Protein chains: 2
Amino acid sequence: MDTTAAARRRPTIRDVAAAAGVSRGTVSRVINGGHWVSPEAREAVERAIAATGYRANQHARSLVTGRSNSLAFLLTEPHHLLFADPTFSILLRGAAEALSERGMTLILLVAGTPEERENVAQYVGAGHVDGVLLISSHADDPLLDTLVEQGIPTVACGIPLGHADQVGSVSVDEQAGARAMVAHLRSQGRRRIATITGPLDTPGGRLRLEGYRAELGDAYDERYVVHGDYTAESGAAGMDTLLDRAPDLDAVFAASDLMAAGALGVLRRRGLRVPEDVAVGGFDDSGLAATLDPPLTTIHQPFDRISAEMVAMLLDVVGGAPHSAVTMPAELVRRASA
Amino acid sequence: MDTTAAARRRPTIRDVAAAAGVSRGTVSRVINGGHWVSPEAREAVERAIAATGYRANQHARSLVTGRSNSLAFLLTEPHHLLFADPTFSILLRGAAEALSERGMTLILLVAGTPEERENVAQYVGAGHVDGVLLISSHADDPLLDTLVEQGIPTVACGIPLGHADQVGSVSVDEQAGARAMVAHLRSQGRRRIATITGPLDTPGGRLRLEGYRAELGDAYDERYVVHGDYTAESGAAGMDTLLDRAPDLDAVFAASDLMAAGALGVLRRRGLRVPEDVAVGGFDDSGLAATLDPPLTTIHQPFDRISAEMVAMLLDVVGGAPHSAVTMPAELVRRASA
DNA sequence: TGATTACCTGTGCACGTTCACAGGCTGTGA
DNA sequence: TCACAGCCTGTGAACGTGCACAGGTAATCA
């Protein structure tokens with residue numbers, strides 16, 4: 001008897017049918033829901049599946065159904081952003097687990113260079129995935145245009161600027177979060193509150209600035225606003241600019257924890273104490289925030305819930321449901337920095 | 001004329017053949033290398049492909065070839081490790097890009113819980129991926145046993161303990177790196193050098209400790225050794241233990257940057273200056289190291305080269321080549337902490 | 001009794017591709 | 001003139017699955 005793994009052919013639905021004494025069709029029915037199958041037949045098939053170690057061939061299945069049983073996790077951010085910010089890892093892992101529970105898989109697609117973007121458009125357009133989880137979109141992204149045009153089910157993390165009504169989205173309430181942070185800083189007696197924004201072509205950059213502005217009202221002063229790109233370096237540079245321009249500031253709201261980390265470094269180097277001289281607030285509550293010195297007061301984003309909701313919504317859209325825009329509450333997390 | 005994207009059927013190889021005035025076989029030959037095809041036929045086919053916007057159906061192709069044209073990125077670490085350590089993101093992105101260049105895709109597989117491990121074993125065993133990129137293996141991992149048993153091409157990051165000769169691996173020279181760090185600390189005049197190790201069932205945990213021990217020689221003293229699990233929390237706890245046990249230490253080598261970050265926090269809290277009172281060295285040179293305060297002296301792992309090499313080796317193994325063990329040089333990066 | 005219904009099962013076809021094979025054409029050497 | 005090789009092309013058969021359909025049985029109803 002030859003039972004070596006290498007020599008044995010992978011069992012097909014025919015082998016199962018033969019072992020169970022039924023036809024291919026019956027086996028197929030048992031696998032896909034099992035309606036209209038007699039209890040005896042079902043049990044025989046289930047035994048045969050266990051005995052043969054049968055596992056459906058996904059390629060054959062996809063060929064006939066036109067479904068790939070997988071979603072794409074589409075990454076459009078430039079490389080350097082991923083080196084220090086754990087945000088994306090958390091989303092990625094959450095999405096992978098949510099899919100694995102449903103017997104689906106996650107395909108990682110990187111669209112950094114124009115060439116990669118073209119490949120991604122082709123790949124997705126060819127129907128190799130059922131839908132796309134879009135991470136951190138920039139305004140007027142032509143890739144997103146392509147997805148919309150080709151009718152690819154898409155759900156974005158954060159409201160995609162310029163495409164808000166064309167694709168689904170799951171996001172934290174950016175404005176409310178920013179307002180909560182500013183309100184908190186004010187409640188601590190801070191009066192000259194600066195901000196380091198994210199890129200203004202991203203929802204996080206634009207909406208957190210709007211929240212900051214709305215909460216400040218008449219107290220809003222452009223001199224206290226600088227723009228960053230979410231990196232620690234840009235946070236440091238922004239902090240330097242702010243201190244040169246407005247040395248009297250007594251608080252800073254950075255639109256990401258990573259930029260807050262950069263700002264903290266500059267403050268320390270300049271001999272300013274946190275929070276005594278300058279209070280610092282961040283946004284994201286990524287793993288980073290709690291490990292900074294001092295631990296960072298920030299706005300919590302429920303990344304695990306966001307990824308789970310993105311997957312759920314995308315699968316609904318794939319199934320024919322209309323897309324929607326879900327907003328999750330942003331919660332202030334008080335630590336030592338403010 | 002109906003040219004709406006929704007109404008138009010995706011072009012198949014038959015459409016291309018018809019448009020080019022040749023047969024399916026000729027089109028297939030042009031796509032796959034193009035040998036034994038006349039220049040005129042090839043040109044006609046290429047024009048037809050461009051005109052129809054044809055893209056091969058991967059499922060149909062995989063069904064007949066038995067190749068999936070994809071690799072799995074297999075994650076076995078528990079969840080919490082990914083929140084702060086960017087190491088895995090860098091490897092993941094590098095692998096995805098290396099594959100995308102070859103027209104292949106990367107599938108993310110998570111094997112945290114026993115249930116997930118079973119699913120992964122089934123999925124991979126069913127031939128849904130051509131090979132597995134194994135990240136951070138633990139000694140005597142039964143999942144790795146399964147992969148080996150089923151003859152799945154596998155390449156690990158770091159020499160897999162207990163399976164060193166059964167699967168391929170790409171790793172940094174852990175021992176040399178640890179020795180370089182200890183040698184550097186000694187050259188700075190440090191004499192009581194402690195270490196916080198990684199988990200001893202991982203190659204990084206075991207081999208970096210061996211390097212530390214080898215470099216210290218007779219000066220090795222167990223009192224200066226504590227064990228962590230790569231997290232910042234374990235680094236902090238380890239530092240506390242060390243200071244309680246051996247308050248006279250003048251240097252610490254943490255087996256990961258994240259643990260070093262935890263150690264830095266404890267040192268600061270206890271009023272010890274870095275590097276004046278205690279020098280601190282890390283390992284990995286992940287994005288984290290440069291942003292710490294003070295910036296961390298550490299051992300650089302060339303993660304981009306590692307991921308590229310893992311992909312290259314795995315594809316060789318898939319193609320029938322024997323697996324091997326590639327070691328990359330570990331380089332000391334001097335910053336302010338030591 | 002005959003018609004209708006509800007349930008269960010098996011069979012043929014299609015999905016889009018690659019591969020093996022057969023065969024055509026052209027040129028070369030015996 | 002025939003055999004043979006080298007190049008190029010087309011065709012049929014697979015790959016493993018889901019789905020539509022036909023057909024069977026048993027129970028219910030007019």
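A, B, ... follow the sequence lines: proteins, then strands. Residue 1 opens every chain. Only a predicted model underlies this, so the values are computations on that prediction, with no experimental measurement involved.
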Nearest-angstrom distance from the residue atom [atom1] of [X] to [atom2] of [N]:
X      : N       : atom1 : atom2 : answer
R67(A) : dG16(D) : CZ    : P     : 24 Å
N69(A) : dT17(D) : CG    : P     : 14 Å
D15(B) : dC15(C) : CG    : C1'   : 13 Å
H59(A) : dG18(D) : NE2   : C1'   : 17 Å
Q58(B) : dG16(D) : CD    : C1'   : 16 Å
R24(B) : dC15(C) : CZ    : P     : 13 Å
N32(A) : dC8(C)  : CG    : P     : 17 Å
R10(A) : dC15(D) : CZ    : P     : 14 Å

Closest nucleotide of DNA chain C for I13(B) versus for A41(A): which of these residues is on the 5' side?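 Its nearest nucleotide lies further toward 5', so the answer is A41(A).
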When you match R14(A) and V37(A) each to their closest nucleotide on DNA chain C, which lands nearer the 5' end?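 Of the two residues, V37(A) wins.
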Counting heavy atoms from C-beta on, name the nucleotide in [options] closest to the side chain of [X].
X      : options                   : answer
A60(A) : dT9(C), dG16(D), dT18(C)  : dG16(D)
R29(A) : dG10(C), dC19(D), dT17(C) : dG10(C)
L63(A) : dC8(D), dG16(C), dG10(D)  : dG16(C)
V22(A) : dG10(C), dT17(C), dT17(D) : dG10(C)

Should [X] be listed as having a side-chain N or O under 4.0 Å from OP1 or OP2 of [N]?
X      : N       : answer
S23(B) : dT11(D) : no
S28(A) : dT17(D) : no
N57(A) : dC15(D) : no
S38(B) : dT9(D)  : yes
T26(A) : dC8(C)  : no

How far apart are the C-alpha atoms of S171(B) and S169(B), what are their side-chain angles, what is the distance that settles it, and do they pass the side chain to side chain donor-acceptor pair (under 3.5 Å) test? CA-CA 6 Å; S171(B) 41; S169(B) 68; 4.6 Å; no
Pairwise side-chain contact, T105(B) with Y123(A), heavy-atom cut-off 4.5 Å (strictly under):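 When only atoms from C-beta onward are counted, Y123(A) and T105(B) do touch, with a gap below 4.5 Å.
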For residues E309(B) and V326(B), report the shortest heavy-atom separation together with the two atoms involved.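 Reported closest heavy-atom pair: OE2-CG2, 3.8 Å.
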Need to verify one output field. Residue with the more 5' nearest nucleotide on DNA chain D, V64(A) or R42(B)?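 Per heavy-atom nearest nucleotide, the more 5' residue is R42(B).
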In plain terms, say whether R24(A) and D15(A) are close enough for a salt bridge, that is, a side-chain N and a carboxylate O under 4.0 Å apart.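 Between D15(A) and R24(A) there is no salt bridge, as every charged N stays at least 4.0 Å from the carboxylate O atoms.
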Test D130(A) against every option in S70(A), S62(A), S68(A) by the side-chain hydrogen bond (donor to acceptor under 3.5 Å, both in side chains) rule and name the one that passes.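 Going through S70(A), S62(A), S68(A) one by one, the side-chain hydrogen bond (donor to acceptor under 3.5 Å, both in side chains) with D130(A) is satisfied by S68(A) alone.
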